[in-house]
Peer 1: 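Would you mind keeping the following structure in view while I ask a few things?
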Protein chains: 2
Amino acid sequence: MQEHYPHPEMKTVQLAEVLHALSDPLRLRIVAALAAGEERGWGEFDAPVAPSTLSHHMKVLRQAGLVTHRRDGTRCIVALRPELEERFPGLLGTVLRLAPEKMGA
Amino acid sequence: MQEHYPHPEMKTVQLAEVLHALSDPLRLRIVAALAAGEERGWGEFDAPVAPSTLSHHMKVLRQAGLVTHRRDGTRCIVALRPELEERFPGLLGTVLRLAPEKMGA
DNA sequence: GGCGTTGTTCGATGAATATCGAATGACCGT
DNA sequence: ACGGTCATTCGATATTCATCGAACAACGCC
């Protein structure tokens with residue numbers, strides 16, 4: 001865990017990188033889950049992978065500018081980055097509308 | 001070259017696979033060029049890679065359901081698949097609107 | 001039939017990716 | 001300060017990927 005997580009400046013985020021981040025089923029599920037509700041804790045995605053693997057995917061999403069990570073005591077809160085909509089208007093909405101992974105909790 | 005190119009059934013095309021195909025800058029450029037005009041010959045994309053590499057990318061785009069390949073004598077004509085719009089409405093339009101690669105000829 | 005043009009396929013290679021378990025570090029209670 | 005929870009990092013591995021050059025195949029044309 002980190003005190004402060006590094007987040008890329010939105011203007012440096014490339015479209016191809018965002019698409020790559022979304023091209024993994026698990027990462028797409030995570031983003032869909034965030035878009036369907038509020039921010040949530042790191043561990044509340046019931047991802048079928050080891051913690052170290054989930055950490056890797058979270059890092060990819062963070063570096064692609066899709067999500068933020070924030071410390072809350074011993075927890076880590078994950079949330080969608082609102083500025084993404086300014087950078088790539090309509091992208092996330094379109095992709096998630098077409099995504100079959102309407103995962104719940 | 002092939003007499004008949006294999007094209008996947010559109011209903012079997014997965015969103016994640018399409019996103020992955022679009023997540024490479026060169027492939028994104030190729031799709032953008034096709035969307036900006038008509039179908040065009042294989043060799044008319046002035047891609048900065050070896051023919052064998054271009055062939056690889058063309059195969060990825062074909063297998064992801066994005067383009068068709070058609071024989072025309074000794075040439076190969078590449079075109080966007082119109083059914084993609086039925087399968088994933090708005091996706092290609094949204095992505096290409098945001099793509100900086102408005103490449104010409 | 002032979003030749004040039006046009007893509008594809010076949011290794012080969014180096015880089016990136018997904019995955020895991022184990023070790024580590026940060027924080028909060030007690 | 002100690003132990004527990006939570007997430008990251010590290011090393012290892014297996015897979016995939018982008019790239020190239022060389023060899024090959026299909027076609028049209030002479």
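Proteins come first, then strands; the chains are lettered A, B, ... in the order of their sequence lines, and each starts at number 1.
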Peer 1: Check every strand shown and say whether A:V49 touches a base, only sugar-phosphate, or nothing at a heavy-atom separation below 4.0 Å.
Peer 2: sugar-phosphate
Peer 1: Treat each ILVMFWY residue as a node, draw an edge where side-chain heavy atoms are under 4.5 Å apart, and state whether B:I77 and B:L61 are in one component.
Peer 2: no
Peer 1: Taking any atom closer than 4.0 angstrom to a non-hydrogen atom of chain A, what span of DNA chain C does the protein reach, first nucleotide to last?
Peer 2: C:dT17 to C:dC28
Peer 1: Under the salt bridge (Lys or Arg N to Asp or Glu O under 4.0 Å) test, which residues partner B:R62, sequence neighbours left out?
Peer 2: none
Peer 1: Between B:R87 and B:M10, what is the shortest heavy-atom contact and its length?
Peer 2: NE-O, 2.9 Å
Peer 1: Would you mind listing the cluster partners of B:Y5? Hydrophobic ones only (ILVMFWY), side-chain contacts under 4.5 Å, chaining allowed.
Peer 2: B:M1
Peer 1: When the distance from CZ of B:R29 to P of D:dA18 is rounded to whole Å, what number comes out?
Peer 2: 15 Å
Peer 1: Please, which pairs that meet salt bridge (charged side-chain N to carboxylate O under 4.0 Å, His left out) have at least one residue in residues 66-78 of chain A, sequence neighbours excluded?
Peer 2: A:E39-A:R70
Peer 1: Taking only residues two or more places apart in sequence, or in another chain, which ones meet B:E9 in a salt bridge (Lys or Arg N to Asp or Glu O under 4.0 Å)?
Peer 2: B:K11
Peer 1: Along nucleotides 5-17 of chain D, 5' to 3', which nucleotides get a B, which get an S, and which get a -, given that the test is a protein heavy-atom distance under 4.0 Å?
Peer 2: BBSBB-------S
Peer 1: May I ask whether A:L22 and B:V60 are part of the same hydrophobic cluster, defined by side-chain heavy atoms of I, L, V, M, F, W, Y residues being less than 4.5 angstrom apart, directly or through others?
Peer 2: no
Peer 1: Apply the side-chain contact (heavy atoms from CB on, under 4.5 Å) test between A:T94 and each candidate in B:L92, B:T94, B:V95; give the one that qualifies.
Peer 2: B:T94
